[in-house]
Amino acid sequence: MKKYILREPPKQAALDSFRAAYQSSLNEQQFQVATAPDGPALVIAGAGSGKTRTLIYRLAWLVHCGVKPESILLLTFTRRAAQEMLKRAAELLDERCRRVSGGTFHSVAAAILRRYGKALGLSSSFTILDRSDAEDVIQLLRGELGLSEKGKRFPKKGTLSDLFSKVQNKLLTLDEAVEAEYYHFTDQIELIRSLFIRYQKYKTDRHLVDYDDLLVDLYALLSEHASIREALAEQYKHLLVDEYQDTNKIQGEIVRLLGRDGRVMAVGDDAQSIYSFRGADFQNILRFPQFFPGTQVYKLEENYRSTQAVLDLANTVIAESKQQYPKRLFTRKQGGMKPALVRAQEESEQSRFVAQKILELREEGIPLSEIAVLFRSSFHSFDLEIELARRNLPFEKRGGFKLVETAHVKDVMSHLRILANPSDAVSWNRLLLLIPGIGPRTSQKMIAKMLQEGREALRGFARGAQAEPIQRLLEMLTQAEGADSVTGRIERVMEYYLPLMKNKYDDHPKRTKDLEHLLLISERYRNLSRFLSDLALEPDASIVDVAPADADQEKLVLSTIHSAKGLEWRVVFILWALDGYFPSIYSFTHEAELEEERRLMYVAITRAKEQLYLSYPIRVFHRASHAVLTKPSRFIEPVPEEILEPWVLSEEG
DNA sequence: GAGACCGACGTTTTT
DNA sequence: CGTCGGTCTC
């Protein structure tokens, strides 16, 4: 009989040495999470509870136990978050952590699909469509269907795109999605369905992939191709998912398939779920234990970020919401300045207050980089931006419009995209329409012909006034292809495009600067598809990264609350805490949406470490609804003065 | 078929 | 106030 020796799990010695080295860096709850055994784990991490820190040590622990860094997959909400985490883990603990695989669901999906997508009939040179590209396609098909009959209300491209997105992200049928969100279009559902089918086919035929397709296709790959799933399971032995409360149904399924053997750790906070508009469902976090039987649930409840005074307000605001995982946040930073509720007469007074206060704080020695101004919607800061500029206060704005989404940048990108994917009809259409005399009809004809016969077919259209521009376009494309760098290609495109742009826009000097910025970004890339993918998947990280030139200058941050997720500052201002602005008037009638706005307020408040100012202008007329808004946000209105102190402004002179 | 012009209309957050 | 869609003219 053969004797087989069972070995002790190798963990005890590792645990002892790890504890010796790092115990003082973590509290006991965090330490338990970092060193949790291999099975499925769910970590409910309250705001400011050192979640990132814990994840970093988790990575270190796995590496410490001999797990190959490459076989750990870290899924985060933005790629910046992943890079930041890997960098910190490498600096703090173990250089090998840098080799951990990390990214967003979308970027990881794109990488996997480029490699294995063939199994689904997907070309590896597919182009990623951003939201507005997707809408362009829908618009085109909408026209082709002959839907523009008078009198009939048919959903607009934005609505359709949103609807299709919900179908994909929430794994609904079209009927279910219409029923749930767009009941008033039920009678048009067959037309919508045929448009949806055409849209899918249009993309497939031209190697185009929208954001949702990335997830849907990855899901299909994992669920339908066992061998690929095995290969990926072999490659990624440990799965760490951050911000789990903001995953949607299909992402949940992807995690389930990728983490089949149970080596999955999901981290999140149901109280901070703020992405339901794009299909996120914090029920995912509640269902996790059912997805993964034997799940161990951990909680991080000690807040290290904020003073008790800030936390009191946060707790009061969130207490009204029905949290599913009860937890009690506490801090050892007793006391602190009471959060202020500042009433201003009008928007300009609010702006002046914020600017003046920031100047005072800087006098007191708080650097601008430790101050942030947060708001519900990007446009809420317009007036303040002017005020800050007037007072020479440097700031960086996050959220809202992206450089990559501006028309001129998209114009240039479209020329590059057809080099990477010649069947990218969306880009062809965009760049052909730039040529005077070519409109939608001609453009479609040209594209149809080129899809059959290749780019040179364009010569067949080079007649009359169009002969010369078409000739120049073709020459430029050939030159760009011959260029030896991504930057070189963009330069060729710009030589061609700038004259067109100067004709099209009055403000071309500013736009030229943007394009020069694009050149700068491109210098870091050697591979065109990679450049295009990155810009599509992370439209603003690339901008921030490029800023080292003026990195020495201290800057204030203006940010949407959504973009401030996971970050912290010593002093936080929240603008427009006015009922109707925040929560938005459009959420009033839907309980679930109001609840999400409440969580959004909670996220905003918990960004502050020491000082918090909420302000609202009184007497605001809301045009669309003809309502006069006069009250502070309903989330803070009932808060007692011991917790939120009212301030009234008065002007000198 | 392209592009100028006019009237209607209206949420916002992001991969 | 700015964008969108539809109509009209060249």
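We name chains A, B, ... by the order of the sequence lines, and we start the count at 1 in each one.
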**Student:** From the list B/dT13, B/dT15, B/dT11, which nucleotide is the closest neighbour of the side chain of A/Thr560?
**Tutor:** B/dT13
**Student:** Of A/Glu593 and A/Ile435, whose nearest nucleotide on DNA chain B comes first from the 5' end?
**Tutor:** A/Ile435
**Student:** Within the structure, does a side-chain N or O atom of A/Ser563 lie under 4.0 Å from either OP1 or OP2 of B/dT14?
**Tutor:** yes
**Student:** Report yes if at least one side-chain N or O of A/Gln139 is closer than 4.0 Å to OP1 or OP2 of C/dG5; otherwise report no.
**Tutor:** yes
**Student:** Could you measure between the two C1' atoms, the one in B/dT12 and the one in C/dG5, and give it in whole Å?
**Tutor:** 23 Å
**Student:** B/dA2 phosphate, OP1 or OP2: any side-chain N/O from A/Thr442 under 4.0 angstrom?
**Tutor:** yes
**Student:** Looking at A/Lys565, I'd like to know whether one of its side-chain N or O atoms comes within less than 4.0 Å of OP1 or OP2 on B/dT13.
**Tutor:** no
**Student:** Taking any heavy-atom pair under 4.0 Å as a contact, classify A/Tyr275: base, sugar-phosphate, or nothing.
**Tutor:** sugar-phosphate
**Student:** Can you check whether A/Ser587 has a side-chain N or O nearer than 4.0 Å to OP1 or OP2 of B/dT12?
**Tutor:** no
**Student:** Categorize A/Glu135 for me: base, sugar-phosphate, or nothing, with a 4.0 angstrom heavy-atom threshold over every strand shown.
**Tutor:** nothing
**Student:** For DNA chain B, whose closest nucleotide is more 5', that of A/Ser443 or that of A/Ser378?
**Tutor:** A/Ser443
**Student:** Please report, rounded to the nearest Å, how far the C1' atom of B/dT15 is from the CG atom of A/Leu535.
**Tutor:** 14 Å
**Student:** For A/Ser584, report the nucleic acid contact type (base, sugar-phosphate, nothing); a contact means any heavy atom under 4.0 Å.
**Tutor:** base
**Student:** Run the numbers on A/Asn284 and A/Tyr244 for side-chain hydrogen bond (donor to acceptor under 3.5 Å, both in side chains), then give the verdict.
**Tutor:** CA-CA 8 Å; A/Asn284 260 8; A/Tyr244 201 74; 4.6 Å; no
**Student:** When all nucleic acid strands are considered with a 4.0 Å heavy-atom cut-off, which category describes A/Arg278: base, sugar-phosphate, or nothing?
**Tutor:** base
**Student:** For a quick check of understanding: with a heavy-atom distance under 4.0 Å over all strands, which category does A/Ile438 fall into, base, sugar-phosphate or nothing?
**Tutor:** sugar-phosphate
**Student:** Determine yes or no for a side-chain-to-main-chain donor-acceptor pair under 3.5 angstrom, with A/Asp579 supplying the side chain and A/Arg634 the backbone.
**Tutor:** yes
**Student:** Within a reach of under 6.0 Å around CZ of A/Arg114, are more than 12 heavy atoms found that belong to other residues, nucleotides or ligands?
**Tutor:** yes
**Student:** Checking contacts here: which listed nucleotide (B/dT15, C/dG5, B/dG1) is nearest the side-chain heavy atoms of A/Lys156?
**Tutor:** C/dG5
**Student:** For A/Phe277 and B/dT13, say yes or no: do the ring centres fall under 5.5 Å of each other while the ring planes differ by less than 30°?
**Tutor:** yes
**Student:** Salt bridge check, A/Arg131 against A/Glu135: does any charged N sit closer than 4.0 Å to a carboxylate O?
**Tutor:** yes
**Student:** Taking 4.0 angstrom as the limit, do A/Lys410 and A/Asp130 come out as a salt bridge?
**Tutor:** yes
